Number of protein chains: 2
Amino acid sequence: MSQLLISTIAQHVSLTAEEQQRIPSFFESLPVRRHQFLLREGEVCRYEFFIEKGCCRQYETDSTGKENVLQFSIEGWWITDLDSLLTGTPSRFNIDVLEPGVVWQISKSQLELLFNEIPAVERYYRIISQRAYAALQRRILWLQKPALERYQAFVAAYPFFETRLPQHQVAAYLGITRESLSRLRNKIAKTSR
Amino acid sequence: MSQLLISTIAQHVSLTAEEQQRIPSFFESLPVRRHQFLLREGEVCRYEFFIEKGCCRQYETDSTGKENVLQFSIEGWWITDLDSLLTGTPSRFNIDVLEPGVVWQISKSQLELLFNEIPAVERYYRIISQRAYAALQRRILWLQKPALERYQAFVAAYPFFETRLPQHQVAAYLGITRESLSRLRNKIAKTSR
DNA sequence: CCTCCACAATGACAAATGATAATAAATGGG
DNA sequence: CCCATTTATTATCATTTGTCATTGTGGAGG
């Protein structure tokens, strides 16, 4: 039973006891190990994933082999390639597991079914979609600024990632090299003492 | 009569003749002059804007006074601060007019009414929302790359902006200085001959 | 026709960031 | 607990990008 899935949804919309009981039945849960792929570049994305425990990342590998991180996702967050899922086109992204844990997956058709059966979930989905859009906009504005400000904005917005993610993953999210990030952190540490 | 508004929507969904006639009545059209603001930072955004003619930009002014462009919008495109519009919170953005023209505006309540009366428009709205989301994702990946690649990706994706926008506006969109952009263009011109 | 102003290009220099390499430290899996 | 692997730091040097100053250019408006 995923208590977290229900409580996460219930944070934004009201659910009856019966709805709370039925929702998990639309999902499948799966344990995931480190380095496991939930989606590979070139595949069509078939699921929306809810992270119950652990940590995942969505990234592309560019022509030079560099990995650019689009998103991280931890307990209580969702992750998928929405474009591929909705249009049925092959994904440009990989989604893999950084920390082992448990994810709940739901297919496109089951999701539609769930929306029809429990409209509150559709409402919840609209709310978080809108938040995700606003988050992407903020991110674009960060990326138009120098590396130090990007990093500080990131830490301010997501302080828990600071301790949880390897630094080179953070660097790949910020669009800088791990060496640059190391220098920035060193500079910050110096000026603060 | 905005033929462009109808034809733009009809590109993605089917509309009856009667629907085509009714849609514009939910909007107000207004001529706009250069430098006019459709939205100012600190205001709550009240409208979604459809550009019938002309060109607008959405941007923030950061703490150093630098203007960071989030979006450009031309004939057949939409522009608004969705977050402010939906949540009723003050906007961090300005939307102003780069080229004089005509825009059609629709309030949140009229938009909801329109969705209820003509469901095809709601479907259209979902389709373009999804496209806008995918476009933001692509943009984030561009911004994680060096300036030259950002510029080339921009030109490849939106060749018509290349001739239409002042270069310093493009630079503010790419997150680089106008001087850097000028250098990049110079380098490209040299290598191509 | 002239003037003002927005826009673009360029050079010189400073600062930030990337690339490479070497080393140290931490961590995960048997 | 140990070892292989991953991760982080640091130094050096090259490249990119930003800053500042100057000049040129074209167009809008008096």
Side-chain angles (χ1 to χ4, degrees), chain A residues 31-36 53-55 57 59 62-69 72 96-101 142-155 161-191 193, chain B residues 33-36 55 57 59 62-69 72 96-100 142-155 161-193:
Chain A
V32 292
R33 61 188 184 285
R34 199 170 135 86
H35 294 135
Q36 181 174 342
K53 186 163 175 295
C55 180
R57 81 214 242 249
Y59 67 97
D62 69 19
S63 53
T64 68
K66 195 181 67 152
E67 293 179 355
N68 300 304
V69 173
F72 297 115
D96 73 354
V97 177
L98 295 179
E99 281 178 28
W142 295 353
L143 287 168
Q144 288 174 338
K145 297 179 172 64
L148 177 61
E149 290 167 57
R150 290 186 206 179
Y151 176 63
Q152 290 172 330
F154 172 73
V155 173
F161 276 146
E162 178 55 14
T163 54
R164 189 156 175 183
L165 293 169
Q167 283 179 38
H168 67 276
Q169 298 292 354
V170 175
Y173 178 89
L174 298 175
I176 60 179
T177 61
R178 59 180 102 193
E179 292 90 346
S180 281
L181 179 56
S182 186
R183 269 189 302 234
L184 292 178
R185 287 167 50 85
N186 189 293
K187 183 196 269 185
I188 292 171
K190 271 178 187 158
T191 56
R193 56 176 147 80
Chain B
R33 60 188 185 286
R34 199 169 135 86
H35 294 135
Q36 182 174 341
C55 179
R57 81 215 242 250
Y59 67 98
D62 70 20
S63 52
T64 68
K66 195 181 68 152
E67 293 178 354
N68 300 306
V69 173
F72 297 114
D96 72 355
V97 177
L98 295 179
E99 281 177 30
W142 294 353
L143 287 168
Q144 289 175 337
K145 296 178 173 63
L148 177 61
E149 291 168 56
R150 290 186 206 180
Y151 176 63
Q152 290 173 330
F154 172 73
V155 173
F161 276 146
E162 178 55 14
T163 53
R164 190 158 174 180
L165 294 169
Q167 283 179 38
H168 67 275
Q169 298 292 354
V170 175
Y173 178 90
L174 298 175
I176 60 178
T177 61
R178 59 180 106 194
E179 292 91 344
S180 281
L181 180 56
S182 185
R183 269 188 302 234
L184 292 177
R185 287 165 51 85
N186 189 292
K187 183 196 267 184
I188 292 170
K190 272 178 187 156
T191 55
S192 73
R193 57 177 146 79

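Below, chains carry the letters A, B, ... as their sequence lines are ordered, and counting in each starts from 1. Nothing here was measured: the structure is a model prediction, and the numbers come from that model.
In this structure, the CG atom of D62(A) is 13 Å from the P atom of dG18(C), given to the nearest Å. L184(B) places its CG atom 14 Å from the C1' atom of dT10(C), with the value rounded to the nearest Å. Rounding to whole angstrom units, NZ of residue K66(B) and C1' of dT19(D) are separated by 13 Å. For the pair E67(A) CD and dT6(D) C1', the computed distance is 13 Å after rounding to whole Å. The interatomic distance linking E162(B) (CD) with dA8(C) (P) rounds to 10 Å, in whole Å. For the pair R34(B) CZ and dG27(D) C1', the interatomic distance rounds to 11 Å; values are reported in whole Å. The nearest whole Å value for the distance from the CD atom in Q144(A) to the C1' atom in dT17(D) is 16 Å. Rounding to whole angstrom units, CG of residue L148(B) and P of dT17(C) are separated by 18 Å.
Taking the six-membered ring where the residue is Trp, W142(A) and F154(A) present perpendicular rings, their angle passing 60° and hence far from 30°.
Relative to the six-membered ring of F161(A), R164(A) misses at least one condition, a distance below 6.0 Å or an angle of at most 45° to the axis.
The 12-atom threshold is exceeded at NZ of K145(B), counting heavy atoms of other residues, nucleotides or ligands nearer than 6.0 Å.
Each of K187(A) and H35(B) has a nearest nucleotide on DNA chain C; the 5'-most of these lies closest to H35(B).
Annotation: side chain of V69(B) is in contact with side chain of Q169(B) (closest heavy-atom distance under 4.5 Å).
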Pairs under 3.5 angstrom, nitrogen or oxygen only, protein versus nucleotides 8-12 of chain D, please.
from, atom 1, to, atom 2, distance (Å)
dA8(D), OP1, Q167(A), N, 2.9
dA8(D), OP2, Q167(A), N, 2.8
dA8(D), OP2, H168(A), N, 3.2
dA8(D), OP2, H168(A), ND1, 3.3
dT9(D), OP2, Q167(A), OE1, 2.8
dT9(D), OP2, Q167(A), NE2, 3.3
dT9(D), OP2, S182(A), OG, 3.2
dT10(D), OP2, N186(A), ND2, 2.6

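At dT17(C), none of the side-chain N or O atoms of T177(A) fall inside 4.0 Å of OP1 or OP2 (strictly under the cut-off).
The NE2 atom of H168(A) lies 13.0 Å from the OG atom of S182(A); values are rounded to the nearest 0.5 Å.
Between the side chains of R183(A) and S180(A), at least one donor N or O sits under 3.5 Å from an acceptor N or O.
Counting any heavy atom pair closer than 4.0 Å across all strands shown, R33(A) reaches no nucleic acid atom.
Within the 3.5 Å criterion, the main-chain N or O of Y173(B) finds a donor-acceptor partner in the side chain of Q144(A).
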